[in-house]
Structure formats: C-alpha cells, structure tokens
Trainee: 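Could you have a look at this structure, given as structure tokens, before my questions?
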Amino acid sequence: MLARPRRSLEWTGSGVRDMLLPYLLIYPGVGGLLYVNAPAATVNVITFGRDDGEND
C-alpha cells in the first residue's frame, strides 16, 4: 500500500483498522502488508494476527 498525501494513515488502533480492513477482507489469506511512504523513504511492515481467543 502506498502512502497518500491527502489521506494519511493514522497510527492508532482504529486508524490502522479502518484503513487496512478492506485489504484483509479482499485477501483473507494475507498475513500482512507493506506500507510504503516514498516521500519519507520509509517502509512499514504490518502483520496481521488472529484474536479469536484460541491459542495455536
């Protein structure tokens, strides 16, 4: 996912959820994604985990 100047990602729990939930729903097998901010020359790795009360 590329950073957008008009719609930046808020690094709060709800901000990350609201921005990234569509990707998780479209691609249910994905374990994470890369958030690329080209102007700042940063790449953030965001991994998804399960929180269903079960331990693996």
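Positions are given from 1 along the sequence.
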Trainee: Would you name the heavy atoms of Tyr23 and Val30 that are closest together and state the gap between them?
Mentor: O-CG1, 4.4 Å

Trainee: What I'd like to find out is whether the side chain of Asn44 reaches to under 4.5 Å of the side chain of Trp11, using heavy atoms alone.
Mentor: yes

Trainee: With sequence neighbours left out, write down each residue that passes side chain to side chain contact (heavy atoms under 4.5 Å, CB included) with Ala41, or none if nothing qualifies.
Mentor: none

Trainee: Within this structure, what is the CD1-CG distance for the pair Ile26 and Leu21, rounded to the nearest 0.5 Å?
Mentor: 9.5 Å

Trainee: For Asp18, check side chain to side chain contact (heavy atoms under 4.5 Å, CB included) against everything at least two apart and list the hits.
Mentor: none

Trainee: Supply the atom-to-atom distance Thr42 OG1 to Asn37 CG, rounded to the nearest 0.5 angstrom.
Mentor: 4.0 Å

Trainee: Checking Ser14 now: which residues fulfil side chain to side chain contact (heavy atoms under 4.5 Å, CB included) with it, not counting sequence neighbours?
Mentor: Thr12, Arg17

